[in-house]
Protein chains: 2
Amino acid sequence: MQPAGGSKRVTITDVARSAGVSTSAVSKVLRNAYGVSPAMRERVQSAMTELGYRPHAAARGMRGRTYTIGVLLASIRNAFYADLLEGVDARLRDTEYALFIGSSGSSEMEDQTKLIHAMVDRQMDGLILIAPAVPRSEVVRIAAGVPTVVIGHHDPSPAYDCVVNQDGAGVDLVIDHLVGLGHRDIAHLSHPTVRGSQWKQRPEHHVRAAYREAMARHGLADLARVVHSGYSDEGGYRGAMELLTSAHPPTAIFAGADVAATGVFRAAAELGLRIPGDLSLAGYNNTSVAALAPVSLTSVDQAGAMMGETAARLLLERLEKRRDRAVVMASTPHLVTRDSTAPPGA
Amino acid sequence: MQPAGGSKRVTITDVARSAGVSTSAVSKVLRNAYGVSPAMRERVQSAMTELGYRPHAAARGMRGRTYTIGVLLASIRNAFYADLLEGVDARLRDTEYALFIGSSGSSEMEDQTKLIHAMVDRQMDGLILIAPAVPRSEVVRIAAGVPTVVIGHHDPSPAYDCVVNQDGAGVDLVIDHLVGLGHRDIAHLSHPTVRGSQWKQRPEHHVRAAYREAMARHGLADLARVVHSGYSDEGGYRGAMELLTSAHPPTAIFAGADVAATGVFRAAAELGLRIPGDLSLAGYNNTSVAALAPVSLTSVDQAGAMMGETAARLLLERLEKRRDRAVVMASTPHLVTRDSTAPPGA
DNA sequence: ACCCCCTCGTGGAACGTTATACGAACCCTG
DNA sequence: CAGGGTTCGTATAACGTTCCACGAGGGGGT
């Protein structure tokens, strides 16, 4: 009945004794393996509930799986990651697996490496890495030992599965929208490239390239301008300051992440520029911040929850050995227009 | 050298063989236990680095500690929790402990109970529970087996340590500020009380009581109004709608959480009310949302990072057996005034 | 020279689970 | 009713670590 407060833990042996069977039998019931009669299953199960038995995950980890899945993310503050997590959690909710999050606090390579190893050391059964900053070769090595799904990066590998967004299409939506409103001088805020990460196709690379292409497609290649001040509030602020105090300030800014867009708001406020009157602003990811009434930011929706759910599903397929070939799942983004974009000089 | 990709893991036995000593000796070095000569330590350590040895956490978990600390939180979306986590992480950063987050997605009692048990099953060495929704008796039972720190609730216990904020003082700051601006009709948005949780002193209870007291102190007891629509964007929206469309709409709203305040913004926008012109608004927790330029919300700062750091410190003290008496740490809040509050009818 | 104690290292028994190998029934078929 | 297969249950050896108990060697003190 009671899960044994501070005293001894109820083990498989206790259950076996109480049910009058061997520990192997209990183990079989636990894993619902072959060769257990309905009668025995019944007895064992009632013994388990009566004693309040819970399997000892560490002991399981020594022999097989731990029924634990780890998610690595750079910052718990990025609301988009929360969307992803929600999806992952939803898919895992009624499985036996528990979900634990490792947050590196920063996107420092070293911290993330430590965290991933911590997960591997704890024998986690599967890993979901959200836009990892660790070198690609390291991820490949890890993935050789533990089923792994990478979210965000477009570099596929036979070692892990990928869940990505068709970032190119998302960027087209934004630029087409802004050009359609009459903007020509549209700048882009991007994220600096990390040296030595070996990832050639991080989301920001895709977005950046797509931005240049879209501008060129509209005959605006000369007006394309990219500032690599980073996906953060502070980065958005600095980038916007640089752009808006330049000789030819843009009439619209496309930020590669909503969180950077919030920094643009701050810069605009300081410079006395109204949004969208004096400056149109678009973000990316359609996080919950974008939807806030005082913010009302036009943004590209990536269906984070769906991506998370997909990632979890792919992982389960691997864990249950229903698939042994790596796949890439790409989803289609769509644009959510709000009050931060308007015709120039409106 | 290489951490063994998919093949065999390097174990303590391999290290022992390579160093020409017994496994017990290696174990001693690992735990830096008594009785190892500098010479042996040197040999073992170089063998470990050469082989790329990493201790198997699950195996450790069977005998002793797992060097894992779990944090339970209701929602990863609450930015205040991110502040707390940052503090916890900072304190644990250069210890041997790894930090994993369990997010229940909702504040459902059942989900949280499952998560806490998942942590205990995995033999985590210590638990930090942020405003847990599980019954108090359950937490006491858990805490009897695993060192535990509870953040938020003001109900102390000999079983666990508490880290709280002096919520009463925080509320006084808000109400004094609003009254000082000339407001009299100040309403409060609170969180509904969960039945059967056994926690008598959840933060929202403290805040609510302090609100009533502060109003009474200013002779405004008759004007005190509380709506229990919940600490969420939607809850804030519904509560504000109810208040603002009533016969006597308040001139100021004090939301018990910033996240609820964002919902008030939405309601005000829909009703064509300007903030702070037609309505003053104050939040609680001073999360990063409050600081966003377009939001600029007056809020009470709780020094989340500091609280998190304190919690981690208390836990380490317990883990290292430097203390065996439960303590309560309370910190002092302060008010951050921004653009969302102004004299009524300004 | 004897004894005692301290230091450093080893042996080996746990810890709770899984999974393989095996044995004892039982059922069917000829 | 012998032979063969299926079904159900058990015995037992891992898995990688910790830590207690023990012993060998060496350095004083008497």
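Per chain, numbering begins at 1; letters A, B, ... match sequence-line order.
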*Asks:* Would Asp121(B) and Arg9(A) pass as an ion pair if we require N to O under 4.0 Å?
*Replies:*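 Here Asp121(B) pairs with Arg9(A) in a salt bridge, since their nearest N and O are under 4.0 Å apart.
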
*Asks:* Once side chain to side chain contact (heavy atoms under 4.5 Å, CB included) is applied, do any residues pair with Ser331(A), and if so which ones, sequence neighbours excluded?
*Replies:*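 So Ser331(A) forms a side chain to side chain contact (heavy atoms under 4.5 Å, CB included) with Asn165(A), Met306(A), Met307(A).
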
*Asks:* Is Tyr34(A) near enough to dC8(D) that one of its side-chain N or O atoms lies under 4.0 angstrom from OP1 or OP2?
*Replies:*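 Answer no for this pair, as no side-chain N or O of Tyr34(A) is under 4.0 Å from OP1 or OP2.
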
*Asks:* Could you tell me the separation between the CE atom of Met48(A) and the P atom of dG16(C), rounded to a whole number of Å?
*Replies:*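 Those two atoms, CE and P, are 17 Å apart.
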
*Asks:* Rounded to the nearest angstrom, tell me the gap between atom CG in Asp121(B) and atom P in dG16(C).
*Replies:*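 My rounded result for the distance is 13 Å.
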
*Asks:* Would you mind telling me which of Arg322(A), Arg323(A), Arg318(A) makes a salt bridge (Lys or Arg N to Asp or Glu O under 4.0 Å) with Glu320(A)?
*Replies:*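 Going through the options one by one, the only one that passes is Arg322(A).
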
*Asks:* For nucleotides 16-25 of chain D, give me one character per nucleotide, 5' to 3': B if any protein heavy atom sits under 4.0 Å from the base, S if the only such contacts are to the sugar-phosphate, - if neither.
*Replies:* BBBB------

*Asks:* Side chain to side chain contact (heavy atoms under 4.5 Å, CB included) with Ala82(B): which residues, sequence neighbours excluded?
*Replies:*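 For Ala82(B), the residues satisfying side chain to side chain contact (heavy atoms under 4.5 Å, CB included) (neighbours in sequence not counted) are Ile76(A), Arg77(A).
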
*Asks:* Output the rounded distance in Å from CG (Asp125(A)) to P (dT18(C)).
*Replies:*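 Nearest whole value for this atom pair: 12 Å.
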
*Asks:* Would you compute the distance between atom CG of Leu127(B) and atom OG1 of Thr68(B) and round it to the nearest 0.5 angstrom?
*Replies:*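 Spacing of CG (Leu127(B)) from OG1 (Thr68(B)) equals 11.0 Å.
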
*Asks:* Over how many whole Å does the gap from Gln123(A) atom CD to dT17(C) atom P extend?
*Replies:*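 These atoms are roughly 16 Å apart.
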
*Asks:* CZ of Arg41(A) versus P of dT7(D): gap in Å, rounded?
*Replies:*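 Atom CZ in Arg41(A) sits about 15 Å away from atom P in dT7(D).
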
*Asks:* Between OG1 of Thr148(B) and CG of Leu129(B), what distance do you get to the nearest 0.5 Å?
*Replies:*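 If we round to the nearest 0.5 Å, Thr148(B):OG1 and Leu129(B):CG are 5.5 Å apart.
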
